[in-house]
Number of protein chains: 2
Amino acid sequence: MNGVEQTELSQLDTICEKAEQIFEGALQEFLVHGYAGTSMDRVATSAGVSKATIYNHFGDKEGLFIALVKRLAQKKYQIFVESHKAELMQAEPAIALRKLANTILDHSMQDQEYLAFIRLVIGESGRFPELAKTFVHNLGKPGIQVLTEYLTNQRYIMIRDPEATARVIIGTLAHYVLLQEILQGKEIVPMERDRMINTLVDLISPNLTSAS
Amino acid sequence: MNGVEQTELSQLDTICEKAEQIFEGALQEFLVHGYAGTSMDRVATSAGVSKATIYNHFGDKEGLFIALVKRLAQKKYQIFVESHKAELMQAEPAIALRKLANTILDHSMQDQEYLAFIRLVIGESGRFPELAKTFVHNLGKPGIQVLTEYLTNQRYIMIRDPEATARVIIGTLAHYVLLQEILQGKEIVPMERDRMINTLVDLISPNLTSAS
DNA sequence: GTCTATAATCGGATAGAC
DNA sequence: GTCTATCCGATTATAGAC
């Protein structure tokens, strides 16, 4: 590389580095305090930059919030959907579903950042409908599609309406996470995770589950 | 009644009337703007009382918010659960479940106040865990219990794990409302409501649904 | 592009009259 | 118990130096 390119790159690095710092700070604050509960002062402090720098990069508070949520929705999309795609597609439903359900629950129930993200998106979905739609587009839709494809192509059992069935599965798991973890219902309405998964598998592929 | 009682009653009425006004104003504001996004000034204006009156009744902003959410959770409990209890308990699952699902979806998907309430409780569940628990106790738990009882006592089909099965049903319906209405996914991931209900009924009681 | 300092406003909460 | 008027800290956003 020559000197000019290095200069340009380091400038670019500096820009991105600041933006990255701001994202990190904003992440902490918005996930914990929500949109209205977060102050730009604390974001600046948490990010280690001045407020003016944030306003230069993102225009205003709303711009920062939107950029952050969209970014998170993409990041979670990669982690969540992409990592599950390979898991399906081969085994019979009783095996594949059990594995899928376990992986989804493993990842989401322990990932406090993810749980806080869900709280944030749902909580702000009335005031930021576009963000909610981005979330559905990046996480809800691909999840349903991948599972629908599996249920459609798999050759072990006949499924009348694969997409609606995929929604039963995902809905059951999502509601389980919502009730137990997000709404803190673990002690009030306890339910072992394996009972949910067994029941789900039994319902979807009753022929294949023996006397378990 | 004598004069004294009348005086006491009218005083009581005045107190309760003010409290009721405050609740109404707070309802509008908190449901639309969330906890941090709501100002006591606007609550006072919306309620038609002065701020000092609110502070006299509820101590501080948090006290008002907690009282309001608990009150709403009880009100929704009465409307929701009590009205559905009678609906089950008699018919065979294919009929009873279809009717239950339709009533739940009818009521929740058009009730903007209820949808906003869900957004609020989930959005604040990280900062107000006790309110989330109250919500689960008053709405989630009774819903699961009523359906579990029905699935347990009904004599038409054998259900291995009624409580887990109840959660599949409720989870599917709740997730449907969440994705389509609360997260505004109607256009992104459209799904006819009857397909969901048919699929659910098919899964729960396959023997009883004919060639529908 | 980034900082410090500041403007302009709004927030929760209260004192004191009635 | 309720109101009006007010305190004062916190908030979003920007101006101006570097």
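A, B, ... follow the sequence lines: proteins, then strands. Residue 1 opens every chain.
Listed by chain and number, the residues in a salt bridge (Lys or Arg N to Asp or Glu O under 4.0 Å) with A/K75 are A/E113 (sequence neighbours excluded). A/I170 is linked by a side chain to side chain contact (heavy atoms under 4.5 Å, CB included) to A/I144, A/L147, B/H175, counting only residues two or more places apart in sequence or in another chain. When the side chain to side chain contact (heavy atoms under 4.5 Å, CB included) test is applied to B/L203, the partners found at least two apart in sequence or on another chain are A/V168, A/I204, B/T199. Residues meeting the salt bridge (Lys or Arg N to Asp or Glu O under 4.0 Å) test with B/D194, sequence neighbours left out: none. For B/K186, the salt bridge (Lys or Arg N to Asp or Glu O under 4.0 Å) criterion is met by B/E181, not counting sequence neighbours. By the salt bridge (Lys or Arg N to Asp or Glu O under 4.0 Å) test, A/D60 is found to be paired with no residue, residues two or more places apart in sequence or in another chain being considered.
The CD1 atom of B/I22 sits 13 Å away from the C1' atom of D/dC3 (whole-angstrom rounding). If you take CD of B/E20 and P of D/dT2, they are 14 Å apart, rounded to a whole angstrom. At whole-Å resolution of the value, CZ in B/F58 and P in C/dA13 are 14 Å apart.
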Distance-only donor-acceptor hits, side chain of residues 120-131 of chain A, under 3.5 Å, sequence neighbours excluded:
residue : atom : partner : partner atom : Å
A/E124  : OE1  : A/R127  : NE           : 3.1
A/E124  : OE1  : A/R127  : NH2          : 3.2
A/E124  : OE2  : A/Y35   : N            : 3.3
A/S125  : OG   : A/I122  : O            : 2.7
A/S125  : OG   : B/R119  : NE           : 2.7
A/S125  : OG   : B/I182  : O            : 3.3
A/R127  : NH1  : B/V32   : O            : 2.9
A/R127  : NH2  : A/G123  : O            : 3.0

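End-to-end axis angle of the helix from C/dG1-D/dC18 to C/dC18-D/dG1, using five pairs per end and rounding to 10°, comes to 0°.
If you check residues 25-56 of chain A against DNA chain D, the residues with a heavy atom closer than 4.0 Å are A/T38, A/S39, A/M40, A/D41, A/K51, A/A52, A/Y55, listed by number.
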- Task: For the pair A/E163 and A/D161, evaluate side chain to side chain contact (heavy atoms under 4.5 Å, CB included) and give the outcome as yes or no after the intermediate values.
- Result: CA-CA 6 Å; A/E163 187 181 339; A/D161 188 335; 4.1 Å; yes

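Contact check, A/K61 against D/dT14: no side-chain N or O comes under 4.0 Å of OP1 or OP2.
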